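Source: prediction; values computed, not measured.
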Amino acid sequence: MPYHSTPLDLAFHALSDPTRRAVVSRLAEGEVPVSVLAEPFDMALPSFAQHLRVLEECGLIISEKRGRSRWCRLVKARFDEAANWMEAERRNWAMRLERLDVYLDNSEGPG
């Protein structure tokens, strides 16, 4: 994995993989043990654990040992950071498109 300089870079890198997005979707329903998270995926547990490690290293999830099981849950703050960035970008592009629309309306003229 190439070096990523910010937590936001790491979060978007982690979410670029469909397996990790599926894990996040499942964890949105609530915390669960790793064994339950891994059930729907056709891969060895060490391979699945690598996906969890990426999600945990970027701060999107946290895991903790409870008895003989390791449980995972989402970290809302990291998702809020990504959502805030996307919302700021959405507003920026909406303003640009609005200015383009005004420009095009003014430049059409009769004809």
Side-chain angles (χ1 to χ4, degrees):
M1 178 176 104
Y3 176 76
H4 296 284
S5 59
T6 70
L8 191 59
D9 293 335
L10 293 171
F12 281 119
H13 167 75
L15 293 172
S16 69
D17 183 90
T19 297
R20 293 191 287 265
R21 287 193 308 273
V23 168
V24 166
S25 292
R26 172 55 186 91
L27 288 174
E29 299 171 17
E31 62 182 338
V32 293
V34 170
S35 59
V36 172
L37 274 177
E39 284 175 3
F41 301 99
D42 187 26
M43 64 180 73
L45 194 53
S47 298
F48 184 75
Q50 180 66 22
H51 287 288
L52 295 180
R53 193 171 6 260
V54 170
L55 290 167
E56 196 161 10
E57 286 174 354
C58 74
L60 290 172
I61 70 169
I62 191 166
S63 68
E64 65 181 336
K65 186 95 164 148
R66 293 186 199 161
R68 298 181 66 178
S69 299
R70 179 158 291 281
W71 286 69
C72 296
R73 64 177 151 67
L74 295 180
V75 177
K76 184 181 180 309
R78 183 67 73 216
F79 286 95
D80 289 344
E81 290 171 13
N84 291 341
W85 180 86
M86 287 187 287
E87 178 57 23
E89 287 298 308
R90 187 201 63 74
R91 284 192 309 267
N92 184 27
W93 280 102
M95 286 188 315
R96 288 179 179 191
L97 291 171
E98 179 65 28
R99 287 193 309 259
L100 177 61
D101 193 36
V102 168
Y103 172 78
L104 293 173
D105 285 346
N106 290 336
S107 66
E108 283 181 356

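Put simply, CE on M86 and CD on E81 are 11.5 Å apart, with the number rounded to the nearest 0.5 Å. In this structure, CG on L10 lies 8.0 Å from CZ on R78, to the nearest 0.5 angstrom.
Counting all heavy atoms, side chain and backbone alike, L45 lies closest to A38 at CD1-CB, 3.9 Å. Nearest heavy atom pair, residue A14 against residue L60, reads CB-CD1, 4.0 Å. Between V24 and F79, the closest heavy-atom pair is CG1-CZ, 3.5 Å.
Residue M43 is grouped with residue V32 when hydrophobic side chains (ILVMFWY) are merged at heavy-atom distances under 4.5 angstrom, including chains of intermediate members. Residues V23 and V75 are members of separate hydrophobic clusters, defined by side-chain heavy-atom contacts under 4.5 angstrom among Ile, Leu, Val, Met, Phe, Trp and Tyr.
E56 is linked by a salt bridge (Lys or Arg N to Asp or Glu O under 4.0 Å) to nothing, counting only residues two or more places apart in sequence or in another chain. For E64, the salt bridge (Lys or Arg N to Asp or Glu O under 4.0 Å) partners two or more places apart in sequence, or in a different chain, are R66. Applying the salt bridge (Lys or Arg N to Asp or Glu O under 4.0 Å) test to E29 and every residue at least two apart in sequence or in another chain returns R26. Residues satisfying the side chain to side chain donor-acceptor pair (under 3.5 Å) criterion with D80, sequence neighbours excluded, are K76. Evaluation of the side chain to side chain donor-acceptor pair (under 3.5 Å) rule for R73 yields no partner, not counting sequence neighbours. With sequence neighbours excluded, the residues that form a side chain to side chain contact (heavy atoms under 4.5 Å, CB included) with E98 are V102. Partners of C72 according to the side chain to side chain contact (heavy atoms under 4.5 Å, CB included) rule, which considers only residues two or more places apart in sequence or in another chain, are L27, V34, L37, L52, I61, S63. Considering only residues two or more places apart in sequence or on other chains, D101 meets the salt bridge (Lys or Arg N to Asp or Glu O under 4.0 Å) condition with none of them.
Within the structure, ring pair (Phe, Tyr, Trp, His ring centres under 6.0 Å) pairs that include any residue of residues 55-74 do not occur (at least two apart or interchain). Counting only residues at least two apart or in different chains, ring pair (Phe, Tyr, Trp, His ring centres under 6.0 Å) contacts with residues 21-61 comprise F41-F48. The ring pair (Phe, Tyr, Trp, His ring centres under 6.0 Å) analysis of residues 80-106, with sequence neighbours excluded, yields the pairs F12-W85. Residue pairs meeting the side chain to side chain donor-acceptor pair (under 3.5 Å) criterion with at least one member in residues 38-49, sequence neighbours excluded, do not occur.
Atom CZ of R96 has more than 12 heavy atoms from other residues, nucleotides or ligands within 6.0 Å.
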Next on the checklist: Please determine whether side chain to side chain contact (heavy atoms under 4.5 Å, CB included) holds for the pair H13 and D9, giving the CA-CA distance in whole Å, both sets of side-chain angles, and the decisive distance to 0.1 Å.
Outcome noted: CA-CA 6 Å; H13 167 75; D9 293 335; over 6 Å; no
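In terms of modelled atom types and a separation under 3.5 Å, the side chain of R20 and the main chain of L55 share no donor-acceptor contact.
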